[in-house]
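Every chain is numbered from 1, with letters handed out A, B, ... down the list of sequences. Values in this document were obtained by computation on a predicted structure and should not be read as measured data.
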Amino acid sequence: MSDEYRPYTLVAELTYRCPLRCVYCSNPVEYTRHTDGLDTADWLRVFREAEELGVVQLHLTGGEPVLRDDLEALVEGARAADLYTNLITSGIPLSRERLARFRSLGLDNVQVSIQDVAAPSSDRVAGARVFERKLQVARWVKELGFPLTLNVVLHRENLGHVEEIVALAEALAADRLELANTQYVGWALVNRRVLLPTAAQLDGARRVSAAAHARLRGKMEVLFVMPDYYSEFPKACMDGWARRFLVVSPDGLALPCHAAHTLPGLVFENVKDRPLEAIWRDSPAFNAFRGDAWMPEPCKSCERRAIDFGGCRCQAYLLTKNAAATDPACSLSPDHGLIEAARQEALSAPDDGFEYRAPRPAVRK
Amino acid sequence: MIALDSRPRLAPKARIRFDRKTARYLLLYPERGLVLNPTAADIAALCTGEHTVHTIVERLTEKYASQPRAQVERDVMAFLATLAERGLMRTDP
Ligand code: SF4
Ligand code: SF4
(Lines give C-alpha, C1' and ligand atoms only; values in the text may rest on other atoms or scores of the structure.)
(Ligands and ions follow the chains in the order given, each with its own letter.)
Protein backbone atom coordinates (compact mmCIF):
# COMPACT_ATOMS: atom_id res chain seq x y z
CA MET A 1 0.00 0.00 0.00
CA SER A 2 1.34 3.42 -0.93
CA ASP A 3 2.52 6.03 1.54
CA GLU A 4 -0.75 7.86 0.93
CA TYR A 5 -2.14 5.43 3.50
CA ARG A 6 0.40 5.07 6.24
CA PRO A 7 -0.67 5.27 9.85
CA TYR A 8 1.68 7.44 11.90
CA THR A 9 -0.36 7.37 15.09
CA LEU A 10 -1.95 4.55 17.03
CA VAL A 11 -4.66 5.58 19.46
CA ALA A 12 -4.89 2.75 21.97
CA GLU A 13 -8.14 3.03 23.88
CA LEU A 14 -7.16 0.76 26.72
CA THR A 15 -10.51 0.85 28.51
CA TYR A 16 -13.74 2.84 28.43
CA ARG A 17 -13.93 2.70 32.21
CA CYS A 18 -13.45 6.08 33.87
CA PRO A 19 -14.18 7.50 37.31
CA LEU A 20 -15.28 10.79 35.74
CA ARG A 21 -18.48 11.56 33.86
CA CYS A 22 -17.55 14.43 31.53
CA VAL A 23 -20.53 15.87 29.73
CA TYR A 24 -18.63 15.99 26.43
CA CYS A 25 -16.98 12.58 26.65
CA SER A 26 -16.34 11.25 23.15
CA ASN A 27 -16.64 7.63 24.23
CA PRO A 28 -19.63 5.82 22.74
CA VAL A 29 -22.89 6.61 24.48
CA GLU A 30 -23.30 2.85 24.92
CA TYR A 31 -19.78 2.52 26.31
CA THR A 32 -20.76 -0.14 28.82
CA ARG A 33 -21.35 -2.58 25.95
CA HIS A 34 -17.63 -2.59 25.24
CA THR A 35 -15.55 -4.54 27.72
CA ASP A 36 -11.78 -4.61 28.11
CA GLY A 37 -11.28 -7.48 25.74
CA LEU A 38 -7.54 -7.20 25.13
CA ASP A 39 -5.01 -8.48 27.64
CA THR A 40 -1.42 -7.34 28.05
CA ALA A 41 -0.03 -9.71 25.44
CA ASP A 42 -2.68 -8.64 22.90
CA TRP A 43 -1.84 -4.97 23.32
CA LEU A 44 1.89 -5.58 23.10
CA ARG A 45 1.37 -7.43 19.85
CA VAL A 46 -0.81 -4.60 18.55
CA PHE A 47 1.97 -2.10 19.36
CA ARG A 48 4.54 -4.17 17.48
CA GLU A 49 2.27 -4.71 14.50
CA ALA A 50 1.44 -1.02 14.40
CA GLU A 51 5.12 -0.11 14.43
CA GLU A 52 5.69 -2.50 11.51
CA LEU A 53 2.95 -0.66 9.64
CA GLY A 54 4.71 2.67 10.10
CA VAL A 55 3.28 4.00 13.36
CA VAL A 56 5.70 6.17 15.33
CA GLN A 57 3.37 7.88 17.80
CA LEU A 58 1.30 6.06 20.40
CA HIS A 59 -1.47 7.52 22.53
CA LEU A 60 -2.42 5.49 25.55
CA THR A 61 -5.93 6.66 26.25
CA GLY A 62 -9.44 5.57 27.18
CA GLY A 63 -11.66 6.11 29.13
CA GLU A 64 -9.05 6.37 31.80
CA PRO A 65 -5.95 4.35 30.85
CA VAL A 66 -4.42 4.39 34.34
CA LEU A 67 -7.23 2.11 35.47
CA ARG A 68 -5.33 -0.70 33.75
CA ASP A 69 -3.09 -2.49 36.20
CA ASP A 70 -0.80 -3.54 33.38
CA LEU A 71 -0.07 0.00 32.20
CA GLU A 72 3.55 -0.35 33.35
CA ALA A 73 4.02 -3.36 31.08
CA LEU A 74 2.32 -1.55 28.23
CA VAL A 75 4.55 1.52 28.57
CA GLU A 76 7.59 -0.71 28.65
CA GLY A 77 6.47 -2.62 25.55
CA ALA A 78 5.65 0.58 23.71
CA ARG A 79 9.12 1.92 24.30
CA ALA A 80 10.65 -1.41 23.33
CA ALA A 81 8.90 -0.91 19.98
CA ASP A 82 10.48 2.57 19.86
CA LEU A 83 7.11 4.35 19.81
CA TYR A 84 6.87 7.95 21.04
CA THR A 85 4.51 7.23 23.88
CA ASN A 86 1.99 9.68 25.23
CA LEU A 87 -0.25 9.00 28.20
CA ILE A 88 -3.59 10.80 27.96
CA THR A 89 -5.09 10.89 31.41
CA SER A 90 -7.60 12.75 33.51
CA GLY A 91 -5.09 12.34 36.31
CA ILE A 92 -7.54 10.29 38.36
CA PRO A 93 -6.49 8.00 40.04
CA LEU A 94 -2.76 8.53 39.66
CA SER A 95 -0.07 8.57 42.34
CA ARG A 96 3.33 10.25 42.15
CA GLU A 97 4.98 6.86 42.65
CA ARG A 98 3.23 5.35 39.67
CA LEU A 99 4.07 8.34 37.47
CA ALA A 100 7.70 7.98 38.50
CA ARG A 101 7.59 4.33 37.45
CA PHE A 102 6.21 5.33 34.05
CA ARG A 103 9.03 7.82 33.79
CA SER A 104 11.69 5.22 34.43
CA LEU A 105 10.05 2.87 31.93
CA GLY A 106 10.47 5.50 29.23
CA LEU A 107 7.07 7.17 28.88
CA ASP A 108 7.66 10.24 26.71
CA ASN A 109 4.82 12.66 27.40
CA VAL A 110 1.87 13.09 29.71
CA GLN A 111 -1.32 14.88 28.77
CA VAL A 112 -3.55 15.93 31.63
CA SER A 113 -7.01 17.29 31.02
CA ILE A 114 -8.75 19.91 33.13
CA GLN A 115 -12.26 21.17 32.54
CA ASP A 116 -11.94 24.80 33.60
CA VAL A 117 -9.81 27.12 35.72
CA ALA A 118 -11.57 26.78 39.04
CA ALA A 119 -12.80 23.85 41.05
CA PRO A 120 -16.56 24.44 41.05
CA SER A 121 -16.98 24.89 37.29
CA SER A 122 -14.37 22.28 36.39
CA ASP A 123 -15.86 19.70 38.73
CA ARG A 124 -19.34 20.42 37.45
CA VAL A 125 -18.31 19.41 33.94
CA ALA A 126 -16.30 16.37 35.09
CA GLY A 127 -19.13 15.27 37.34
CA ALA A 128 -16.73 14.73 40.27
CA ARG A 129 -14.63 16.74 42.74
CA VAL A 130 -11.24 16.29 41.15
CA PHE A 131 -9.90 19.69 40.08
CA GLU A 132 -7.29 20.20 42.80
CA ARG A 133 -6.06 16.67 42.40
CA LYS A 134 -5.62 17.16 38.66
CA LEU A 135 -3.44 20.22 39.26
CA GLN A 136 -1.39 18.19 41.69
CA VAL A 137 -0.87 15.49 39.07
CA ALA A 138 0.13 18.10 36.48
CA ARG A 139 2.76 19.45 38.90
CA TRP A 140 4.12 15.94 39.50
CA VAL A 141 4.38 15.42 35.76
CA LYS A 142 6.70 18.41 35.49
CA GLU A 143 8.62 17.62 38.69
CA LEU A 144 9.42 14.20 37.33
CA GLY A 145 10.84 15.72 34.16
CA PHE A 146 8.08 14.82 31.70
CA PRO A 147 6.88 17.26 29.07
CA LEU A 148 3.35 18.29 30.02
CA THR A 149 0.44 18.78 27.67
CA LEU A 150 -2.54 20.48 29.23
CA ASN A 151 -5.79 19.77 27.46
CA VAL A 152 -8.97 21.76 27.94
CA VAL A 153 -12.12 21.02 26.01
CA LEU A 154 -13.89 24.29 25.28
CA HIS A 155 -17.61 25.01 25.23
CA ARG A 156 -19.93 27.86 26.12
CA GLU A 157 -19.31 27.64 29.86
CA ASN A 158 -15.52 28.04 29.72
CA LEU A 159 -14.83 29.84 26.43
CA GLY A 160 -14.74 33.11 28.33
CA HIS A 161 -11.91 31.82 30.52
CA VAL A 162 -9.23 31.23 27.92
CA GLU A 163 -7.03 34.00 29.29
CA GLU A 164 -7.08 32.40 32.75
CA ILE A 165 -6.53 28.97 31.24
CA VAL A 166 -3.40 30.22 29.47
CA ALA A 167 -2.16 31.76 32.73
CA LEU A 168 -2.75 28.48 34.54
CA ALA A 169 -0.89 26.55 31.83
CA GLU A 170 2.03 28.96 32.16
CA ALA A 171 2.04 28.60 35.93
CA LEU A 172 2.17 24.82 35.49
CA ALA A 173 4.98 25.26 32.92
CA ALA A 174 3.04 23.22 30.37
CA ASP A 175 4.90 22.54 27.15
CA ARG A 176 1.74 22.36 25.10
CA LEU A 177 -1.73 23.71 25.66
CA GLU A 178 -4.58 22.23 23.67
CA LEU A 179 -7.67 24.39 23.58
CA ALA A 180 -9.92 21.99 21.79
CA ASN A 181 -13.44 23.04 21.05
CA THR A 182 -15.93 20.29 21.71
CA GLN A 183 -16.55 17.91 18.83
CA TYR A 184 -20.20 17.05 18.77
CA VAL A 185 -20.12 13.27 18.83
CA GLY A 186 -20.74 10.90 21.74
CA TRP A 187 -21.97 12.58 24.91
CA ALA A 188 -21.22 16.02 23.52
CA LEU A 189 -23.97 15.64 20.93
CA VAL A 190 -26.38 14.63 23.67
CA ASN A 191 -25.43 17.87 25.45
CA ARG A 192 -25.04 20.07 22.41
CA ARG A 193 -27.79 22.46 23.41
CA VAL A 194 -25.93 23.47 26.55
CA LEU A 195 -22.39 23.24 25.16
CA LEU A 196 -22.45 24.91 21.75
CA PRO A 197 -21.14 28.48 22.02
CA THR A 198 -22.17 31.52 20.03
CA ALA A 199 -20.02 32.97 17.26
CA ALA A 200 -19.21 35.98 19.46
CA GLN A 201 -17.96 33.82 22.34
CA LEU A 202 -15.82 31.85 19.98
CA ASP A 203 -14.33 34.93 18.38
CA GLY A 204 -13.22 36.33 21.70
CA ALA A 205 -11.58 33.07 22.70
CA ARG A 206 -9.87 32.73 19.36
CA ARG A 207 -8.35 36.20 19.65
CA VAL A 208 -7.01 35.54 23.15
CA SER A 209 -5.56 32.25 22.07
CA ALA A 210 -3.89 33.72 18.97
CA ALA A 211 -2.21 36.36 21.13
CA ALA A 212 -0.98 33.69 23.54
CA HIS A 213 0.25 31.60 20.63
CA ALA A 214 2.39 34.47 19.36
CA ARG A 215 3.63 35.54 22.80
CA LEU A 216 4.63 32.04 23.92
CA ARG A 217 6.19 30.82 20.69
CA GLY A 218 9.15 28.56 21.38
CA LYS A 219 8.14 28.16 25.01
CA MET A 220 4.66 26.72 25.03
CA GLU A 221 2.79 25.50 22.01
CA VAL A 222 -0.74 26.91 22.09
CA LEU A 223 -3.17 25.08 19.89
CA PHE A 224 -6.73 26.28 19.32
CA VAL A 225 -8.99 23.80 17.57
CA MET A 226 -11.98 25.51 15.98
CA PRO A 227 -15.33 23.79 16.25
CA ASP A 228 -16.38 23.06 12.71
CA TYR A 229 -19.88 24.22 13.50
CA TYR A 230 -18.42 27.70 12.98
CA SER A 231 -16.01 27.09 10.13
CA GLU A 232 -16.77 27.60 6.49
CA PHE A 233 -15.29 24.23 5.64
CA PRO A 234 -14.94 21.14 7.79
CA LYS A 235 -11.69 19.89 9.27
CA ALA A 236 -9.79 17.06 7.66
CA CYS A 237 -11.19 14.68 10.23
CA MET A 238 -8.40 12.31 11.37
CA ASP A 239 -6.36 13.68 8.41
CA GLY A 240 -8.60 11.64 6.16
CA TRP A 241 -10.35 8.33 6.68
CA ALA A 242 -7.92 5.46 7.40
CA ARG A 243 -5.00 7.53 6.18
CA ARG A 244 -2.83 8.59 9.13
CA PHE A 245 -4.55 7.30 12.25
CA LEU A 246 -5.42 3.92 13.60
CA VAL A 247 -7.60 3.46 16.65
CA VAL A 248 -8.00 0.25 18.60
CA SER A 249 -10.96 0.14 20.97
CA PRO A 250 -10.96 -1.60 24.38
CA ASP A 251 -12.66 -4.65 22.92
CA GLY A 252 -10.09 -4.90 20.14
CA LEU A 253 -11.84 -3.35 17.15
CA ALA A 254 -9.49 -1.66 14.70
CA LEU A 255 -11.06 1.66 13.68
CA PRO A 256 -10.15 4.62 11.47
CA CYS A 257 -11.46 6.98 14.17
CA HIS A 258 -12.64 6.60 17.73
CA ALA A 259 -16.29 7.18 16.85
CA ALA A 260 -16.35 4.99 13.73
CA HIS A 261 -18.20 2.13 15.37
CA THR A 262 -21.27 4.36 15.57
CA LEU A 263 -21.53 4.09 11.78
CA PRO A 264 -24.00 1.44 10.62
CA GLY A 265 -23.27 -0.93 7.77
CA LEU A 266 -19.53 -1.04 8.36
CA VAL A 267 -18.04 -4.18 9.83
CA PHE A 268 -14.95 -3.47 11.89
CA GLU A 269 -12.56 -6.31 12.46
CA ASN A 270 -10.95 -7.37 15.69
CA VAL A 271 -7.19 -7.32 16.16
CA LYS A 272 -7.53 -10.72 17.81
CA ASP A 273 -8.80 -12.23 14.56
CA ARG A 274 -6.49 -10.74 11.97
CA PRO A 275 -3.10 -9.03 11.74
CA LEU A 276 -3.30 -5.26 11.87
CA GLU A 277 -1.57 -4.91 8.53
CA ALA A 278 -4.24 -6.97 6.76
CA ILE A 279 -7.03 -5.00 8.42
CA TRP A 280 -5.42 -1.68 7.51
CA ARG A 281 -4.90 -2.72 3.91
CA ASP A 282 -7.89 -4.90 3.03
CA SER A 283 -10.74 -4.36 5.43
CA PRO A 284 -13.78 -3.07 3.51
CA ALA A 285 -14.56 -0.69 6.38
CA PHE A 286 -11.12 0.89 6.14
CA ASN A 287 -11.45 1.25 2.39
CA ALA A 288 -15.03 2.52 2.49
CA PHE A 289 -14.11 6.22 2.53
CA ARG A 290 -10.59 6.25 1.17
CA GLY A 291 -9.97 8.22 -2.01
CA ASP A 292 -12.84 10.09 -3.61
CA ALA A 293 -14.88 7.39 -5.37
CA TRP A 294 -17.41 7.32 -2.51
CA MET A 295 -17.97 11.06 -2.52
CA PRO A 296 -21.27 12.68 -3.41
CA GLU A 297 -21.57 16.14 -4.89
CA PRO A 298 -20.60 18.82 -3.96
CA CYS A 299 -17.43 17.05 -2.70
CA LYS A 300 -16.82 15.01 -5.83
CA SER A 301 -16.02 18.04 -7.94
CA CYS A 302 -14.76 20.28 -5.15
CA GLU A 303 -11.14 21.34 -5.20
CA ARG A 304 -10.92 21.03 -1.41
CA ARG A 305 -11.59 17.29 -1.48
CA ALA A 306 -7.88 16.47 -1.11
CA ILE A 307 -7.64 18.98 1.76
CA ASP A 308 -10.55 18.05 4.01
CA PHE A 309 -11.62 14.72 2.46
CA GLY A 310 -15.27 15.73 2.71
CA GLY A 311 -15.13 16.23 6.48
CA CYS A 312 -16.18 13.90 9.25
CA ARG A 313 -18.05 10.67 8.41
CA CYS A 314 -19.38 10.33 11.92
CA GLN A 315 -20.73 13.86 11.97
CA ALA A 316 -22.32 13.30 8.57
CA TYR A 317 -24.04 10.18 9.86
CA LEU A 318 -25.07 11.59 13.23
CA LEU A 319 -26.72 14.60 11.62
CA THR A 320 -28.04 13.24 8.31
CA LYS A 321 -28.25 9.46 8.92
CA ASN A 322 -26.05 9.02 5.85
CA ALA A 323 -22.37 8.34 6.54
CA ALA A 324 -21.46 9.06 2.91
CA ALA A 325 -22.97 12.54 2.88
CA THR A 326 -20.94 15.73 2.66
CA ASP A 327 -20.23 16.80 6.24
CA PRO A 328 -23.08 19.19 7.10
CA ALA A 329 -20.51 21.44 8.78
CA CYS A 330 -19.43 22.41 5.26
CA SER A 331 -21.13 25.57 4.04
CA LEU A 332 -21.56 23.91 0.62
CA SER A 333 -23.43 20.91 2.04
CA PRO A 334 -27.14 20.64 1.17
CA ASP A 335 -27.67 19.76 4.87
CA HIS A 336 -25.85 22.81 6.19
CA GLY A 337 -29.17 24.12 7.49
CA LEU A 338 -28.86 21.61 10.36
CA ILE A 339 -25.72 23.38 11.54
CA GLU A 340 -27.25 26.82 11.09
CA ALA A 341 -30.21 25.74 13.16
CA ALA A 342 -27.91 24.52 15.95
CA ARG A 343 -26.07 27.86 15.90
CA GLN A 344 -29.38 29.66 16.08
CA GLU A 345 -30.36 27.53 19.04
CA ALA A 346 -27.06 28.45 20.75
CA LEU A 347 -28.09 32.11 20.72
CA SER A 348 -30.97 31.37 23.02
CA ALA A 349 -29.99 28.09 24.67
CA PRO A 350 -31.48 27.98 28.14
CA ASP A 351 -29.27 26.37 30.74
CA ASP A 352 -31.35 23.35 31.55
CA GLY A 353 -28.46 21.27 32.83
CA PHE A 354 -26.20 18.56 31.58
CA GLU A 355 -26.75 14.94 30.98
CA TYR A 356 -23.75 13.22 32.54
CA ARG A 357 -21.97 10.32 31.01
CA ALA A 358 -23.50 7.33 32.76
CA PRO A 359 -24.58 3.82 31.93
CA ARG A 360 -27.70 4.29 29.83
CA PRO A 361 -30.60 4.83 30.45
CA ALA A 362 -29.24 8.08 31.83
CA VAL A 363 -30.84 10.19 34.50
CA ARG A 364 -31.33 13.87 33.91
CA LYS A 365 -29.69 16.04 36.57
CA MET B 1 19.29 34.94 16.20
CA ILE B 2 21.27 32.05 17.62
CA ALA B 3 24.77 32.90 18.82
CA LEU B 4 27.68 31.03 17.26
CA ASP B 5 29.14 30.28 20.67
CA SER B 6 25.91 28.93 22.18
CA ARG B 7 25.55 25.20 22.75
CA PRO B 8 22.22 23.94 21.42
CA ARG B 9 20.62 20.93 23.02
CA LEU B 10 17.43 19.18 21.97
CA ALA B 11 14.54 19.80 24.35
CA PRO B 12 13.73 16.81 26.55
CA LYS B 13 10.46 16.28 24.72
CA ALA B 14 12.17 15.70 21.37
CA ARG B 15 13.38 12.27 20.36
CA ILE B 16 15.17 11.17 17.19
CA ARG B 17 14.38 7.85 15.57
CA PHE B 18 15.12 6.20 12.30
CA ASP B 19 12.18 5.52 10.01
CA ARG B 20 12.59 2.31 8.04
CA LYS B 21 9.78 3.19 5.64
CA THR B 22 11.39 6.36 4.31
CA ALA B 23 15.00 5.69 5.34
CA ARG B 24 15.00 9.11 7.03
CA TYR B 25 15.38 10.23 10.59
CA LEU B 26 12.34 11.62 12.34
CA LEU B 27 12.37 14.11 15.16
CA LEU B 28 9.36 13.17 17.27
CA TYR B 29 7.67 15.34 19.86
CA PRO B 30 4.17 15.40 21.36
CA GLU B 31 1.57 14.80 18.64
CA ARG B 32 4.01 15.69 15.90
CA GLY B 33 7.14 14.82 14.02
CA LEU B 34 9.59 16.41 11.65
CA VAL B 35 11.10 14.45 8.79
CA LEU B 36 14.79 15.26 8.77
CA ASN B 37 16.84 15.45 5.61
CA PRO B 38 20.38 14.08 5.97
CA THR B 39 21.88 17.48 6.86
CA ALA B 40 19.19 18.19 9.43
CA ALA B 41 19.69 14.73 10.93
CA ASP B 42 23.41 15.43 11.30
CA ILE B 43 22.74 18.77 12.95
CA ALA B 44 20.15 17.32 15.31
CA ALA B 45 22.53 14.55 16.34
CA LEU B 46 25.07 17.20 17.33
CA CYS B 47 22.56 19.16 19.45
CA THR B 48 23.67 17.54 22.68
CA GLY B 49 24.63 20.66 24.62
CA GLU B 50 28.34 19.84 24.23
CA HIS B 51 29.03 21.50 20.89
CA THR B 52 28.84 25.15 20.01
CA VAL B 53 27.03 26.22 16.85
CA HIS B 54 30.48 27.09 15.56
CA THR B 55 31.67 23.50 16.04
CA ILE B 56 28.54 22.11 14.42
CA VAL B 57 29.19 24.24 11.34
CA GLU B 58 32.82 23.04 11.28
CA ARG B 59 31.80 19.39 11.48
CA LEU B 60 29.26 19.71 8.72
CA THR B 61 31.63 21.63 6.48
CA GLU B 62 34.08 18.75 6.80
CA LYS B 63 31.42 16.20 6.02
CA TYR B 64 29.83 18.03 3.11
CA ALA B 65 33.04 19.20 1.51
CA SER B 66 31.34 20.07 -1.77
CA GLN B 67 29.30 22.81 -0.10
CA PRO B 68 30.64 26.27 0.67
CA ARG B 69 30.97 26.99 4.36
CA ALA B 70 28.65 30.00 4.16
CA GLN B 71 25.91 27.77 2.78
CA VAL B 72 26.39 25.20 5.53
CA GLU B 73 26.23 27.94 8.14
CA ARG B 74 22.97 29.22 6.67
CA ASP B 75 21.53 25.69 6.73
CA VAL B 76 22.54 25.17 10.33
CA MET B 77 21.11 28.51 11.43
CA ALA B 78 17.85 27.93 9.57
CA PHE B 79 17.36 24.49 11.04
CA LEU B 80 18.19 25.62 14.57
CA ALA B 81 15.69 28.46 14.16
CA THR B 82 13.02 25.95 13.13
CA LEU B 83 13.78 23.91 16.23
CA ALA B 84 13.72 26.96 18.50
CA GLU B 85 10.42 28.15 17.07
CA ARG B 86 8.85 24.81 17.92
CA GLY B 87 10.33 24.76 21.39
CA LEU B 88 12.51 21.80 20.49
CA MET B 89 15.83 23.37 21.38
CA ARG B 90 17.50 24.76 24.45
CA THR B 91 20.66 26.84 24.32
CA ASP B 92 22.99 26.42 27.24
CA PRO B 93 25.26 29.40 27.76
S1 SF4 C 1 -13.84 12.70 28.70
FE2 SF4 C 1 -14.07 12.59 30.94
S3 SF4 C 1 -15.48 10.87 31.29
FE4 SF4 C 1 -14.74 10.67 29.19
S5 SF4 C 1 -12.98 9.32 29.37
FE6 SF4 C 1 -12.19 11.42 29.46
S7 SF4 C 1 -12.11 11.90 31.66
FE8 SF4 C 1 -13.42 10.08 31.44
S1 SF4 D 1 -17.84 20.27 -0.54
FE2 SF4 D 1 -16.83 18.50 0.40
S3 SF4 D 1 -14.68 18.62 -0.26
FE4 SF4 D 1 -15.64 20.63 -0.68
S5 SF4 D 1 -15.17 21.86 1.15
FE6 SF4 D 1 -17.19 20.92 1.48
S7 SF4 D 1 -16.74 19.01 2.59
FE8 SF4 D 1 -14.80 19.70 1.68
Tell me, out of B:Lys13, B:Lys21, B:Arg15, who's got the most heavy-atom pairs with chain A below 4.5 Å. B:Arg15

With no hydrogens and no angle check, just 3.5 Å: does a side-chain donor-acceptor pair link A:Thr89 and A:Glu64? yes

Hey, is OH on B:Tyr25 packed in by over 12 heavy atoms from elsewhere, all under 6.0 Å? no

Crowded around A:His213 NE2? As in, over 12 foreign heavy atoms under 6.0 Å? no

From CG (A:Asp308) to CG (A:Asp239), nearest 0.5 Å: 11.5 Å

How long is the gap from CG on B:Leu34 to OH on B:Tyr29, to the nearest 0.5 Å? 4.5 Å

Can a cation-pi geometry be assigned to B:Arg20 and B:Phe18, taking NZ or CZ under 6.0 Å from the six-membered ring centre and within 45° of the ring axis? no

Which residues, numbered in order, of residues 76-85 of chain B come under 4.5 angstrom of chain A by heavy-atom distance? B:Ala84, B:Glu85

Sort [X] into side chain, backbone, both or neither according to what part of it lies under 4.5 angstrom from a heavy atom of chain B.
| X | answer |
| --- | --- |
| A:Thr149 | side chain |
| A:Leu53 | backbone |
| A:Asn109 | side chain |
| A:Arg176 | side chain |
| A:Leu216 | neither |

Counting C-beta onward and ignoring hydrogens, is there a side-chain heavy-atom pair between A:Arg101 and A:Glu76 closer than 4.5 Å? no

Charged N to carboxylate O below 4.0 Å: is that the case for A:Arg139 and A:Glu143? no

Is it true that B:Glu50 and B:Arg9 have a side-chain N and a carboxylate O under 4.0 angstrom from each other? no

Heavy atoms only, distances under 4.5 angstrom: which of A:Val56, A:Asp108, A:Asp82, A:Thr85 has the most pairs with chain B? Name it, please. A:Asp82

